[in-house]
Amino acid sequence: MYDGASDSQIDAEAILSVTNQGTGPTAVTALRFEGDVPFPTHESYDENDESGIYDPENDFGADADSITIPAGETVLVYSNSRPFSPAGTRSKCNSVGRNGQFTVHLFAIHDAADITLEYLIHYLSSDSEDCVIEIEETA
């Protein structure tokens, strides 16, 4: 996790490793989570023009406008929307059951570079105080 992250941020946020396989630089402009993730991205993020990406250059934890990825390099992108919020996880453990699926949408300045990834989520415990989840990529 990024320097200075609190325990609650470490528990609630996601880290994506993004590689630019192109020949020129690009930038990630938004990050969204949908489906059975414990705390999906609220539609107000789109209405308020919030990226959902943590800005490592801002001491106040604000959203980044974009994260630049030079050609051929890999950059860590941190969520700022808390998709794995413990409060959301506890409610999912109680109501969703043991398995689900969620989607991660990563938007870039070039539409052709937008990425949609599907993941399976397994709720390994239904204890609302100590909900354990496991995530795996779909084949």
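No experiment lies behind these values; they were computed from the predicted model shown. We're numbering straight along the sequence, starting at 1.
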Taking side chain to side chain donor-acceptor pair (under 3.5 Å) as the test, write out the residues that go with Thr23, two or more places apart.
none

State plainly whether one hydrophobic cluster holds both Ile109 and Val104, where clusters connect Ile, Leu, Val, Met, Phe, Trp and Tyr through side-chain heavy atoms under 4.5 angstrom apart.
no

At what distance, to the nearest 0.5 angstrom, does CD1 of Ile121 lie from CD1 of Ile135?
5.0 Å

Taking every heavy atom of Thr29 against every heavy atom of Ser66, the minimum-distance pair comes out as CG2-CB, 4.2 Å

Results of side chain to side chain contact (heavy atoms under 4.5 Å, CB included) for Asp65 - residues two or more places apart only:
none

Under the rule for side chain to side chain contact (heavy atoms under 4.5 Å, CB included), what residues qualify as partners of Thr41, not counting sequence neighbours?
Arg32, Phe33, Tyr45, Ser81

Taking only residues two or more places apart in sequence or in another chain, which ones pass side chain to side chain donor-acceptor pair (under 3.5 Å) with Glu118?
Gln101, Thr103

same_hphob_cluster(Ile67, Leu16) at 4.5 Å side-chain heavy-atom cutoff
yes

Backbone N/O of Ser51 and side chain of Asp63: donor-acceptor pair under 3.5 Å
yes

Residue list, side chain to side chain contact (heavy atoms under 4.5 Å, CB included) with Ile115, at least two apart or on another chain
Leu106, Leu117

Residues in side chain to side chain donor-acceptor pair (under 3.5 Å) contact with Thr116, at least two apart in sequence or another chain
His105

Got a donor-acceptor contact below 3.5 angstrom from the Asp114 side chain to the Ala108 backbone?
yes

What residues, two or more places apart in sequence or in another chain, satisfy side chain to side chain contact (heavy atoms under 4.5 Å, CB included) together with Pro25?
none

Between CD on residue Glu134 and CG on residue Asn99, distance to nearest 0.5 Å:
9.5 Å

Can you list, pair by pair, the side-chain donor-acceptor contacts under 3.5 Å of residues 68-76, counting residues two or more places apart and other chains?
{"from": "Thr74", "atom 1": "OG1", "to": "Thr19", "atom 2": "OG1", "distance (Å)": "2.7"}

Non-hydrogen atoms of Gly35 and Pro40 that approach each other most closely
O-CG, 3.8 Å

With sequence neighbours left out, write down each residue that passes side chain to side chain donor-acceptor pair (under 3.5 Å) with Glu136, or none if nothing qualifies.
His122

Across all chains, not counting sequence neighbours, the ring pair (Phe, Tyr, Trp, His ring centres under 6.0 Å) partners of Tyr119 are Phe102

